[in-house]
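All values reported here derive from a predicted model rather than from experimental measurement. Proteins come first, then strands; the chains are lettered A, B, ... in the order of their sequence lines, and each starts at number 1.
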There are 2 protein chains.
Amino acid sequence: MKKINVKKGAVLQRIGDISSKVFLVESGLLRSYIIDDKGKEHIYMFGPENWLVADSCEPNTPCQLFIDALEDTIINVATKEELLKEGPDLTALLKRLDTMQNRIIMLMSSNAKKRYEHFTKTYPNIIQRVPLKMVASYLGITPEALSRIRNELSKKK
Amino acid sequence: MKKINVKKGAVLQRIGDISSKVFLVESGLLRSYIIDDKGKEHIYMFGPENWLVADSCEPNTPCQLFIDALEDTIINVATKEELLKEGPDLTALLKRLDTMQNRIIMLMSSNAKKRYEHFTKTYPNIIQRVPLKMVASYLGITPEALSRIRNELSKKK
DNA sequence: AGTATTTCTTGATGTACATCAATGCATAGG
DNA sequence: CCTATGCATTGATGTACATCAAGAAATACT
């Protein structure tokens with residue numbers, strides 16, 4: 001585990017990389033995302049304090065995700081091999097599975113408005129820290145659609 | 001790890017259950033799914049031979065998934081606590097993370113046709129074993145939409 | 001501070017998919 | 001064997017979102 005500082009905008013991993021490291025965020029904010037075949041970004045995950053950010057590709061296969069820093073960030077870096085030797089943090093792994101399961105369920109069963117409401121409840125601090133278009137990207141909608149949803153929700157009250 | 005036989009149609013877990021067991025499929029086919037607030041089913045995962053089927057909810061929280069058998073199935077059952085003691089199968093865990101990451105990426109970045117094509121490539125045997133409406137449910141579309149996609153694809157050739 | 005760039009919003013239009021309804025087929029159970 | 005139930009398909013219509021375009025507002029850059 002090596003501690004490093006990265007500046008906002010720094011790229012930690014590119015699609016196709018084989019290295020496949022694991023980043024434990026101490027402070028700041030990372031994101032992982034993909035770029036689809038139309039060149040559109042889709043945010044896979046935000047990584048604020050205490051989150052673990054990594055591509056879950058199997059060892060020695062090319063990564064599918066970009067990872068970069070949305071803020072100046074302090075991270076602890078390790079290779080997957082190192083982590084496996086040390087005996088990985090099972091609690092963290094289970095939490096991660098839970099998070100991903102929730103994300104899948106959300107994507108499958110809720111419309112954009114509900115996904116947004118769920119997001120604001122689950123990650124109340126993140127929404128203050130990133131542009132709305134990134135929230136839209138995480139939710140799987142366009143910035144325009146998110147703008148309209150927020151508009152509608154604010155009128156209701 | 002206790003080995004049990006279940007008949008097609010048997011329900012192994014219900015939403016809200018706290019027990020939260022892990023099922024390792026030896027032969028047959030399980031599925032896990034949710035029911036949304038409109039009463040609609042969404043298949044979360046199919047569990048054929050050698051798959052691990054479980055709700056990834058954190059220990060001692062209520063499950064979000066139903067789990068039942070789509071065929072007569074032989075499974076090994078364990079509680080999460082047991083598995084954690086034994087030292088879990090890390091390779092299986094990593095594979096599971098990879099699967100879920102792929103599922104999320106699919107749901108976010110591909111249209112129904114691409115998701116279907118990806119599914120048929122990735123799980124060629126499952127499509128023969130379940131009704132198409134379940135494939136549709138897994139893909140996040142209606143049976144009607146799937147029917148039209150298949151129609152279109154078969155004409156192309 | 002002033003300019004450039006990104007971000008957000010609003011409107012008009014388009015489209016992928018859902019919903020609803022009807023029909024033909026297969027399958028299962030008495 | 002006959003009937004009931006579930007499954008797949010097709011057509012008509014509806015809708016949630018995307019796309020495109022333009023302008024306003026915020027942010028970053030020199």
Side-chain angles (χ1 to χ4, degrees), chain A residues 7-10 29 31 33-43 46 68-72 106-120 126-156, chain B residues 7-11 29 31 33-43 46 68-72 106-120 126-157:
Chain A
K7 284 272 171 210
K8 178 173 177 173
L29 184 62
R31 88 175 151 161
Y33 64 100
I34 60 160
I35 297 185
D36 71 20
D37 41 17
K38 286 179 200 151
K40 214 168 134 183
E41 275 179 30
H42 302 270
I43 294 185
F46 292 109
D68 64 9
L70 298 179
E71 302 173 354
D72 292 352
M106 268 294 133
L107 285 169
M108 285 205 304
S109 66
S110 297
N111 63 19
K113 186 154 90 179
K114 273 192 213 142
R115 296 205 298 279
Y116 173 67
E117 290 176 318
H118 180 263
F119 179 79
T120 55
I126 291 193
I127 209 173
Q128 337 261 1
R129 291 160 70 181
V130 304
L132 285 173
K133 66 165 199 168
M134 288 194 185
V135 174
S137 168
Y138 179 89
L139 294 174
I141 58 177
T142 58
E144 293 94 326
L146 179 57
S147 175
R148 287 174 181 122
I149 286 166
R150 284 165 54 85
N151 204 328
E152 195 192 330
L153 287 175
S154 66
K155 271 178 198 155
K156 261 191 192 160
Chain B
K7 284 269 170 212
K8 177 174 177 172
V11 176
L29 183 61
R31 91 178 145 158
Y33 64 100
I34 60 159
I35 298 185
D36 70 20
D37 41 17
K38 285 178 199 150
K40 213 167 137 185
E41 275 178 31
H42 301 270
I43 294 185
F46 292 108
D68 64 8
L70 298 179
E71 302 173 354
D72 293 352
M106 268 294 134
L107 286 170
M108 285 206 303
S109 66
S110 297
N111 64 17
K113 185 154 91 180
K114 272 191 213 144
R115 295 205 298 278
Y116 172 68
E117 290 175 318
H118 179 261
F119 179 79
T120 55
I126 291 194
I127 208 169
Q128 336 262 0
R129 292 160 70 182
V130 303
L132 285 173
K133 65 167 198 165
M134 288 194 186
V135 175
S137 168
Y138 179 88
L139 295 174
I141 58 177
T142 59
E144 293 94 328
L146 179 55
S147 175
R148 287 176 180 122
I149 287 167
R150 283 163 55 84
N151 203 328
E152 194 192 331
L153 287 176
S154 68
K155 268 178 200 156
K156 259 191 195 163
K157 289 169 193 169

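- One atom, CG of A/Asn151, and another, C1' of C/dT10, lie 9 Å apart when rounded to the nearest Å.
- For the segment residues 142-150 of chain A, residues with any heavy atom less than 4.0 angstrom from an atom of DNA chain D are, sorted by number, A/Thr142, A/Glu144, A/Ala145, A/Arg148.
- Here the side chains of B/Ser109 and A/Ile34 are in contact, with some heavy-atom distance below 4.5 Å.
- With a 4.5 Å cut-off on side-chain heavy atoms, B/Lys113 and B/Leu153 count as touching.
- Atom-to-atom, CD1 of B/Ile141 to P of D/dC17 comes out at 17 Å; the value is rounded to the nearest Å.
- Atom NZ of A/Lys114 has more than 12 heavy atoms from other residues, nucleotides or ligands within 6.0 Å.
- Using a 4.5 Å cut-off on side-chain heavy atoms (C-beta onward), B/Asp36 and B/His42 make contact.
- Considering only heavy atoms from C-beta on, A/Arg115 comes within 4.5 Å of A/Leu107 through its side chain.
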Evaluation steps, side-chain contact (heavy atoms from CB on, under 4.5 Å), between A/Arg148 and A/Glu144: CA-CA 6 Å; A/Arg148 287 174 181 122; A/Glu144 293 94 326; 3.7 Å; yes
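- For the pair A/Leu70 CG and D/dA28 C1', the interatomic distance rounds to 16 Å; values are reported in whole Å.
- Protein atom CZ of A/Arg115 is 13 Å distant from nucleotide atom P of D/dA16, rounded to whole Å.
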Using the side-chain contact (heavy atoms from CB on, under 4.5 Å) rule, take A/Ile127 and A/Phe46 through it: C-alpha gap first, then chi angles, then the decisive distance, then the call. CA-CA 10 Å; A/Ile127 209 173; A/Phe46 292 109; over 6 Å; no
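- A heavy-atom distance below 4.0 Å to DNA chain C is reached by these residues of residues 127-136 of chain A, ordered by number: A/Pro131, A/Leu132, A/Lys133.
- Between B/Lys113 and C/dA16 there is no side-chain N or O to OP1 or OP2 distance below 4.0 Å.
- Here the P atom of nucleotide C/dT6 and the NZ atom of A/Lys8 are 13 Å apart, to the nearest Å.
- One atom, CG of B/Asp36, and another, P of C/dA18, lie 13 Å apart when rounded to the nearest Å.
- Rounded to whole Å, the distance from NE2 on A/His42 to C1' on D/dA18 is 12 Å.
- As a whole-Å value, the separation of A/Asn111 CG from C/dC17 P is 17 Å.
- Residues B/Leu70 and B/Met134 have side chains in contact (heavy-atom distance under 4.5 Å, counting atoms from C-beta outward).
- Note on B/Lys38: nothing from the nucleic acid sits closer than 4.0 angstrom, heavy atoms only.
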Give the intermediate values and the outcome of salt bridge (Lys or Arg N to Asp or Glu O under 4.0 Å) for residues B/Glu41 and B/Arg31. CA-CA 12 Å; B/Glu41 275 178 31; B/Arg31 91 178 145 158; 3.0 Å; yes
